[in-house]
Protein chains: 2
Amino acid sequence: MARTKEFNEAKALDKAIEIFWHKGYNGTSAQDLVTYLGLSRSSLYDTFGDKQKLFSKSLQRYQLQAQNTVKELLEKSENVKETLLDIFKQAVIESLEDRITKGCFMVNSSVELAMHDEEIAKIVKDNSQTMEEVFTNAVKKGQESGHISKQLDAKVLARFIFNNYSGIRVLARTGERDKQVYDDIVKAVFSVL
Amino acid sequence: MARTKEFNEAKALDKAIEIFWHKGYNGTSAQDLVTYLGLSRSSLYDTFGDKQKLFSKSLQRYQLQAQNTVKELLEKSENVKETLLDIFKQAVIESLEDRITKGCFMVNSSVELAMHDEEIAKIVKDNSQTMEEVFTNAVKKGQESGHISKQLDAKVLARFIFNNYSGIRVLARTGERDKQVYDDIVKAVFSVL
DNA sequence: GATTAAACGGAACAATCGTTCCTGAATTAG
DNA sequence: CTAATTCAGGAACGATTGTTCCGTTTAATC
């Protein structure tokens, strides 16, 4: 029989996420991938097909990870407003800590590829819809428990929250390092809830 | 003496803005530029130096145009809140009309290049600062005239407005075509003012 | 009409791109 | 052992990249 796989496919994907996230699709060369994933050209192409497929898989994996984190936090939360605040605070911390200012992989990919690559566009669209649902359910829960104002519709607030989340990630990508800027935005956002 | 320039440098730059805006820096080839600007390889390089310089000039020109539009509208406005609403409505209209979903050239460039190209990073940073000032002054004016709530600091609101403006442009870039999504966001944003 | 410089088309550059293929070593199961 | 399969490494592919250079044409000034 045959030799077993030596490298962990999932771990290789995580590596791919990192470098695509940092350098973008067009900015990452095949050589970059070989070097950074630490496996040979042949293994890379045998395992993942081509660059586009690898990117697509990476983005999908990232989406799952990111979504699950937020989803779980909100679903088991007893005070949704506070949990949402925690999520934003975490995004701010990551934006400031991040010494290589990666922003958000999904936002970056949207901007770079969504209009030129149908498959990526589909992932992005799917992500938006799912996040909208997650936030909508969370807001509804918060409104029922009295933690969030009922002045605006849950879906309206969900889209609003998601929009500001995107905005903050763009801000991070520009390299903004002034915490006050992020805090001000979060403050204004939560004055609505 | 010498022959006079046949092509209009400013018009060529506007063409460059269009294609860079649409395809991004890495996605636009030298051949794309030759074809789209309608001038020869030699003229292009003689006039603008190289691709990076052309991109930089294009982005600066775009910045000036975009800034002046918003600046003038807000400075001569008598009801700043309404003018801000007009600006957002205009962004929404452009996002929906735009058959090739360009988003915002500045946002796109931030995400694609700001962290890899110092010159671009400088332009982006300068743009953020200027826009923050413009919005801050506008909000102050609105607060003094009673059109905008004084509950939050002018600078806080300015940053908040700018963040949502970025977010909307990202949304446009993803190809979102549902007007309701944009309208919901705008509604929530203006509930703060 | 001579001079000067700009614009042009296109050839050509080296470099890099993503991808394929080959070789030989390594490792597993029967 | 043998057979099967994966590994690493690198050579090589054609295509495309950004850029330079050259010869010719065009036009404006003197």
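Throughout, protein chains are lettered first and strands after them, A, B, ... in sequence-line order, and every chain is numbered starting at 1.
Cation-pi geometry between Lys53(A) and Phe48(A) is not satisfied (NZ or CZ under 6.0 Å from the ring centre, within 45° of the ring normal).
For residues 170-179 of chain A, the salt bridge (charged side-chain N to carboxylate O under 4.0 Å, His left out) pairs, not counting sequence neighbours, are Lys179(A)-Asp183(A). Identified under the ring-ring contact (aromatic ring centres under 6.0 Å, His included) test for residues 168-193 of chain B, with sequence neighbours left out: Phe88(B)-Phe190(B). For the ring-ring contact (aromatic ring centres under 6.0 Å, His included) condition, the pairs that include at least one residue of residues 55-76 of chain A, sequence neighbours left out, are Phe20(A)-Phe55(A), Trp21(A)-Tyr62(A), Tyr25(A)-Phe55(A), Phe55(A)-Phe105(A), Tyr62(A)-Phe105(A).
Looking at heavy-atom distances under 4.0 Å, Ser40(B) makes contact with a base. Backbone-only engagement by Asp50(A) is indicated by non-hydrogen atom pairs under 4.0 Å involving sugar-phosphate atoms exclusively.
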Quiz prompt | Pair pattern of DNA chain C in dot-bracket, where unpaired bases get dots and | marks partners in another strand, Watson-Crick or G-U under 3.5 angstrom | solution = ||||||||||||.||||||||||.||||||

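Side-chain proximity of Tyr45(A) to dT20(C), dC21(D), dA8(D): nearest is dT20(C).
Residues Ser42(B) and Gly38(A) both approach DNA chain D. Their nearest nucleotides, taken by heavy-atom distance, put Gly38(A) toward the 5′ side. When each of Tyr25(A) and Arg41(B) is assigned the nucleotide of DNA chain C with its nearest heavy atom, Arg41(B) is the one assigned upstream, toward the 5' end.
Within residues 51-61 of chain B, the residues approaching DNA chain D are Lys51(B), by heavy-atom distance under 4.0 Å.
Side-chain N/O atoms of Ser43(A) include one lying less than 4.0 angstrom from OP1 or OP2 on dA8(D).
Summarising the geometry, the separation between CG on Asn26(A) and P on dG18(D) is reported as 11 Å, rounded to the nearest angstrom. Per the geometry, CG belonging to Leu44(B) stands 16 Å off P belonging to dA6(C), to the nearest Å. Rounded to whole angstrom, the span from the CG atom of Asp46(A) across to the P atom of dG18(C) amounts to 18 Å. Between Gln31(B) atom CD and dT17(D) atom P there is a gap of 8 Å when expressed in whole angstrom units. Atom CG in Asp32(B) sits about 16 Å away from atom C1' in dT19(D), given to the nearest Å. In this structure, the CD atom of Glu9(A) is 12 Å from the P atom of dT6(D), given to the nearest Å.
For the pair Ile161(A) and Leu193(A), the minimum side-chain heavy-atom distance is below 4.5 Å.
Atom CD of Gln151(B) is surrounded by 12 or fewer heavy atoms from other residues, nucleotides or ligands within 6.0 Å. Shown here is Glu82(A), whose CD atom has no more than 12 heavy atoms of other residues, nucleotides or ligands within 6.0 Å.
Applying the side chain to side chain donor-acceptor pair (under 3.5 Å) test to Gln52(B) and every residue at least two apart in sequence or in another chain returns Asp117(B).
A donor-acceptor pair shorter than 3.5 Å cannot be found between the side chains of Gln180(B) and Arg159(A).
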